[in-house]
Amino acid sequence: VQLQASGGGLVQAGGSLRLSCAASGRTFSRYSMGWFRQAPGKEREFVAVITWSGGRTYYADPVKGRFTISRDNAKNTGYLQMNSLKPEDTAVYYCAAKTGWYSAFHYEYDYWGQGTLVTVSS
């Protein structure tokens, strides 16, 4: 499956952005979808994941209550709604897909999008 992330940009602290992840090539609904991010000089870290059906979601502690992951399998698209953004959320955000159960470990994901940059100014 090919993934294309979009929606990043520059936003002030406290603002919101919605990232999208468009999938093509294979049946998107067969895959769990995750979002990861990587800030300059830091390792890639888990943000959120949603199961293939959308029935379960899981979030990293730093984003709980602020970010919401969702998907529309009819549109082959996943989303990450980010509210109350903080400067520490600044990073390149990647969407990824994997078969099987959802995971917070980036090395378990089979497919990756190219990343979209989110910059939060203070």
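Note that these values count all heavy atoms, side chains included, but never hydrogens, waters or copies made by symmetry.
Sorted by first then second residue, the salt bridge (charged side-chain N to carboxylate O under 4.0 Å, His left out) pairs that include residues 80-91, not counting sequence neighbours, are R37-D89, R66-D89. Contacts classified as side-chain hydrogen bond (donor to acceptor under 3.5 Å, both in side chains) and involving residues 3-14 (residues at least two apart or in different chains) are not found.
Linking ILVMFWY side-chain heavy atoms closer than 4.5 Å, directly or via other members, places L80 and L85 in a single hydrophobic cluster. The hydrophobic cluster containing Y94 does not contain M33, counting ILVMFWY residues as joined when their side-chain heavy atoms lie under 4.5 angstrom apart, directly or transitively.
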What do the steps show when you test V49 against Y59 for side-chain contact (heavy atoms from CB on, under 4.5 Å), and what is the final call? CA-CA 7 Å; V49 63; Y59 298 90; over 6 Å; no
What do the steps show when you test L3 against W112 for side-chain contact (heavy atoms from CB on, under 4.5 Å), and what is the final call? CA-CA 6 Å; L3 303 174; W112 290 84; 5.6 Å; no
Using the rule given for side-chain contact (heavy atoms from CB on, under 4.5 Å), can you reason through F36 versus C95, listing the C-alpha separation, both sets of side-chain angles and the distance that settles it, and then say yes or no? CA-CA 6 Å; F36 294 79; C95 59; over 6 Å; no
Trace of the side-chain contact (heavy atoms from CB on, under 4.5 Å) decision for F67 with Q81: CA-CA 5 Å; F67 290 12; Q81 177 67 44; over 6 Å; no
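Side chain of T116 to backbone of G8: a donor-acceptor contact under 3.5 angstrom is found. Checking side-chain atoms of T51 against main-chain N and O of R56 turns up a donor-acceptor pair under 3.5 Å. A donor-acceptor contact shorter than 3.5 Å is absent between the side chain of E43 and the backbone of Q38.
The two residues A39 and A91 have their closest heavy-atom pair at N-CB, 3.8 Å. Looking at every heavy atom in both residues, S122 comes nearest to P87 through CB-CG, 3.8 Å. Of all heavy-atom pairs spanning S70 and I50, the tightest one is CA-CD1, 3.7 Å.
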Report all side-chain donor-acceptor pairs from residues 101-110 shorter than 3.5 Å, counting only partners two or more places apart or in another chain.
unit_1	atom_1	unit_2	atom_2	d
S103	OG	F105	N	3.0
S103	OG	E108	OE1	2.8
Y109	OH	S103	O	2.5
D110	OD2	T99	N	3.4

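For K64, the salt bridge (charged side-chain N to carboxylate O under 4.0 Å, His left out) test picks out D61, with sequence neighbours left out. Qualifying side-chain contact (heavy atoms from CB on, under 4.5 Å) partners for V118, counting only residues two or more places apart in sequence or in other chains: L17, L19, M82, Y93, V120. Scored by the side-chain contact (heavy atoms from CB on, under 4.5 Å) test, N73 finds F28, S29, R71 as partners (sequence neighbours excluded).
Going from atom CZ of R18 over to atom OG1 of T68 covers 11.5 Å, rounded to the nearest 0.5 Å.
A donor-acceptor pair shorter than 3.5 Å can be found between the side chains of S16 and N83.
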